[in-house]
Student: 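Structure provided below as C-alpha cells; questions to follow.
Every value quoted in this text rests on a predicted model; they were computed, and no experiment measured them.
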Amino acid sequence: MSSIPHLIARVRPEFARSEQDKSCHFFPVPSGSSLPETLRAYCGFSIAPGQAEALEGPAGMPCLGCLMAAALSD
C-alpha cells in the first residue's frame, strides 16, 4: 500500500475568521507543476494558498476529520 504525502497547514492569523480557521488541517500534496486556486483538506475545508500557514507538525487544535482521513490514507 502506498502512502499519500500530505502537508499540515492552517489559515494565517490575519485571515482567520473562526475557530475552525485556526485549526490545523491535513491537505494532500497537490500534484502537477501549477498551484491550485484552493487547497482542499481531507475534511473538505478549503483555503487559498496565499492564506495558508504551513506547519512542521500538528499545532494548536487539530481537525479531527483531517486526522482520521490522513491516518486512513496511509
Student: Can you list the residues that meet the ring pair (Phe, Tyr, Trp, His ring centres under 6.0 Å) rule with Phe27, with sequence neighbours excluded?
Tutor: none

Student: Taking all non-hydrogen atoms of both residues into account, name the closest pair between Ala9 and Ala54 and its distance.
Tutor: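 For Ala9 and Ala54, the tightest heavy-atom pair comes out as CB-CA, 4.2 Å.
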
Student: With sequence neighbours excluded, tell me which residues meet side-chain contact (heavy atoms from CB on, under 4.5 Å) with Ala16.
Tutor: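 side-chain contact (heavy atoms from CB on, under 4.5 Å) check on Ala16 returns Val11, Asp21, Lys22.
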
Student: When hydrophobic residues are tied together by side-chain contacts of less than 4.5 Å, even through go-betweens, does Tyr42 share a cluster with Leu39?
Tutor: no

Student: Working to the nearest 0.5 angstrom, can you tell me the gap between Cys66 SG and His25 NE2?
Tutor: 5.5 Å

Student: Is there a path of hydrophobic side-chain contacts, each under 4.5 Å between heavy atoms of I, L, V, M, F, W or Y residues, that connects Leu7 with Phe15?
Tutor: yes

Student: Is there any salt bridge (Lys or Arg N to Asp or Glu O under 4.0 Å) pair reaching into residues 5-15, and which pairs are they, with sequence neighbours excluded?
Tutor: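 Residue pairs passing salt bridge (Lys or Arg N to Asp or Glu O under 4.0 Å), neighbours aside: Arg10-Glu53, Arg12-Glu14.
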
Student: Output every pair passing salt bridge (Lys or Arg N to Asp or Glu O under 4.0 Å) with a member in residues 29-47, not counting sequence neighbours, ordered by first then second residue.
Tutor: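 Counting only pairs at least two positions apart or across chains, no salt bridge (Lys or Arg N to Asp or Glu O under 4.0 Å) contact touches residues 29-47.
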
Student: Residues in side-chain contact (heavy atoms from CB on, under 4.5 Å) with Cys24, at least two apart?
Tutor: Ile8, Leu55, Pro58, Pro62

